[in-house]
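These notes are about the structure you will find just below.
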Amino acid sequence: MNDDPLLARLAGLAVEPPDGLLDRIAARWIAVPSPIGELSVAWTARGVAYVHQGDGFSGAFRARFGRPLMPATRPPAGLVPALRTGRLSGLALDLEELGEFQRDVLRAVQAVPRGEVRPYAWIAARAGRPGAVRAVGTALARNPVPLLVPCHRVTRSDGALGEYVFGPAAKQRLLLAEGVDLGRLDGLAKERVFYLASDTTGVVCFPTCHNARRITPAHRHGFRTLGAARTAGYRPCRTCRPDLQAA
DNA sequence: AGGAGGGCTTCTA
DNA sequence: GTAGAAGCCCTCC
C-alpha cells in the first residue's frame with residue numbers, strides 16, 4: 001500500500017481528468033421545458049450549442065458534434081426563460097461549428113422581434129445574399145439552436161407559414177404563444193395583402209411590425225407589393241425594413 | 001477534386 | 001390554382 005497523498009492524487013487524475021479540462025472537451029446536456037414540450041439542450045464552455053426535440057438526442061449530437069456528452073444537474077443561467085420568451089438576454093450561443101453563410105443567416109434571424117414574422121427573402125437580403133432564398137431555408141433547417149435563434153419567425157412570402165425543424169405544427173404553436181395573430185395574417189394573405197401602410201405617417205410596414213399594429217382601421221391601406229405602396233407615396237418603415245427584400 | 005442532387009422558397013406561365 | 005424552373009449553399013458520392 002502507498003499512502004503518499006501526492007501519489008494518490010496523481011492516481012486519481014489518471015482515472016478522472018480535472019473538471020476544467022473535461023468541460024473544454026465534452027458538452028453538458030439537460031432536459032428542460034419549453035412552449036412545445038420538453039427539449040434536450042447541450043452546451044459547451046462557449047455557450048448553448050444544440051437544442052433537440054424528441055428521441056435520438058445523443059446520437060444526433062454525436063453525429064453532428066463528435067464530442068462526448070455528459071449530463072448536467074442544472075441548466076445554464078437564463079436558458080429556460082430564453083426558451084420561453086425567445087429572447088436570449090445575455091445567454092451565450094456556441095455557433096463555432098457552423099459555416100459563415102449559416103452564421104450570417106442565423107444572425108439575420110436574431111433580428112426578428114418576438115411576436116413578429118419576416119419572409120425568407122428578407123432574411124436572405126439581411127444576410128447579404130439576396131438571391132440565396134432557397135439556401136436560407138436549408139440553413140434554417142440545420143439551425144442547431146431552434147427557439148433560441150427564432151427561425152419559427154421566418155415565414156413564406158405568400159403568407160404560408162412554411163416548414164420548420166420541429167414540424168409546421170410546432171411553428172404554429174410557437175407563433176401563437178408569442179401572440180402572433182395568425183388568423184388575421186391568413187385573412188390578409190387571402191386578399192393578397194403583404195404590406196400595411198398608414199396614411200397618417202406615410203409609412204409602409206410588414207403586417208406584424210409593431211408600428212403596423214397601431215394603425216387605426218380608417219387610416220390603414222393594404223398592398224400586395226412594396227412597389228405598389230411606394231407608387232402610392234409610402235416609404236418603407238425603418239423598423240421592419242420591408243425594403244430589404246425587394247427593390 | 002468536382003459535379004449532382006436536395007432543401008423550412010419564390011417567381012412565372 | 002398548381003407545375004416547373006430558377007437559384008444558392010451544402011453534403012455526399
Side-chain angles (χ1 to χ4, degrees), chain A residues 34-37 39 49-54 56 59-66 83 86 93 95-178 180 182 185-195 206-208 223-230 236 240-247:
Chain A
S34 87
I36 52 170
L39 299 174
Y50 193 49
V51 173
H52 182 272
Q53 185 187 45
F61 181 86
R62 189 168 36 245
R64 212 162 156 154
F65 297 89
L83 289 170
L93 300 179
L95 303 177
E96 291 297 313
E97 311 275 329
L98 306 177
E100 194 188 346
F101 173 75
Q102 189 166 14
R103 267 204 302 272
D104 289 346
V105 168
L106 296 188
R107 208 185 326 278
V109 172
Q110 306 264 35
V112 186
R114 174 181 167 83
E116 304 187 19
V117 299
R118 299 286 182 273
Y120 288 90
W122 185 88
I123 300 293
R126 222 191 138 96
R129 322 279 204 299
V133 179
R134 195 73 179 74
V136 164
T138 307
L140 295 189
R142 301 195 202 303
N143 177 10
V145 285
L147 306 214
L148 300 178
V149 168
C151 58
H152 57 279
R153 296 179 195 147
V154 186
T155 56
R156 292 180 20 170
S157 307
D158 65 3
L161 288 192
E163 285 297 332
Y164 186 56
V165 218
F166 299 153
K171 193 173 195 174
Q172 187 179 86
R173 281 176 66 189
L174 285 167
L175 291 174
L176 287 173
E178 296 192 347
V180 180
L182 293 181
L185 273 188
D186 205 48
L188 289 173
K190 287 210 170 70
E191 299 165 28
R192 291 276 134 91
V193 169
F194 304 114
Y195 303 90
F206 284 119
T208 57
F223 291 94
R224 177 173 182 175
T225 66
L226 183 63
R230 281 188 142 132
C240 65
R241 300 297 308 274
D243 53 316
L244 276 186
Q245 72 168 331

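The main-chain N or O of A:Leu95 is found under 3.5 Å from a side-chain atom of A:Arg103 such that the two form a donor-acceptor pair. Side-chain N or O atoms of A:Glu116 include none that pairs as donor or acceptor with a backbone N or O of A:Cys240 at under 3.5 Å. Within the 3.5 Å criterion, the main-chain N or O of A:Val154 finds a donor-acceptor partner in the side chain of A:Lys171.
Using a 4.0 Å heavy-atom distance criterion, A:Val165 is classed as a base contact. Counting non-hydrogen atoms under 4.0 angstrom, A:Ala121 reaches the backbone sugars and phosphates but no base. Using a 4.0 Å heavy-atom cutoff across all strands shown, A:Ala132 reaches sugar-phosphate atoms only and no base atom.
Dashed line: the shortest gap from a side-chain N or O of A:Ser157 to OP1 or OP2 of B:dT10 is under 4.0 Å.
Heavy-atom nearest nucleotides on DNA chain C were determined for A:Gly131 and for A:Arg142, and the one closer to the 5' end corresponds to A:Gly131.
In this structure, A:Tyr120 atom OH and B:dC11 atom C1' are separated by 17 Å, rounded to whole Å. One interatomic measurement links the two molecules: CD of A:Glu97 to P of C:dT11, which rounds to 12 Å at whole-angstrom precision. In this structure, CG of A:Leu106 is placed 14 Å from C1' of C:dC9, rounded to the nearest angstrom. Whole-Å rounding puts the A:Arg192 CZ to B:dT10 P distance at 13 Å. Atom CZ in A:Arg64 sits roughly 16 Å away from atom C1' in C:dC12 (whole-Å rounding). Regarding A:Phe101, its CZ atom lies at a distance of 12 Å from the P atom of C:dT11, rounded to whole Å. Rounded to an integer number of Å, the gap from A:Arg153 CZ to B:dC8 C1' is 16 Å. As a whole-Å value, the separation of A:Gln102 CD from B:dG7 P is 16 Å.
When side chains are defined from C-beta on, A:Val136 does not count as touching A:Arg129, because their heavy atoms never get closer than 4.5 Å.
Candidate nucleotides B:dT10, B:dG7, B:dC8 were compared by shortest atom distance to the side chain of A:Lys171, and B:dC8 ranks first. Looking at the side chain of A:Ala135, the nearest of the listed nucleotides C:dG7, B:dC8, C:dC8 is C:dC8. Nearest nucleotide to the side chain of A:Val133, out of B:dT9, C:dC8, B:dC8: B:dT9.
Outside the 6.0 Å centre-distance limit, the rings of A:Phe223 and A:Phe194 are not counted as a close aromatic pair.
In this structure C:dG7 sits in no base pair that meets the Watson-Crick or G-U test at under 3.5 Å.
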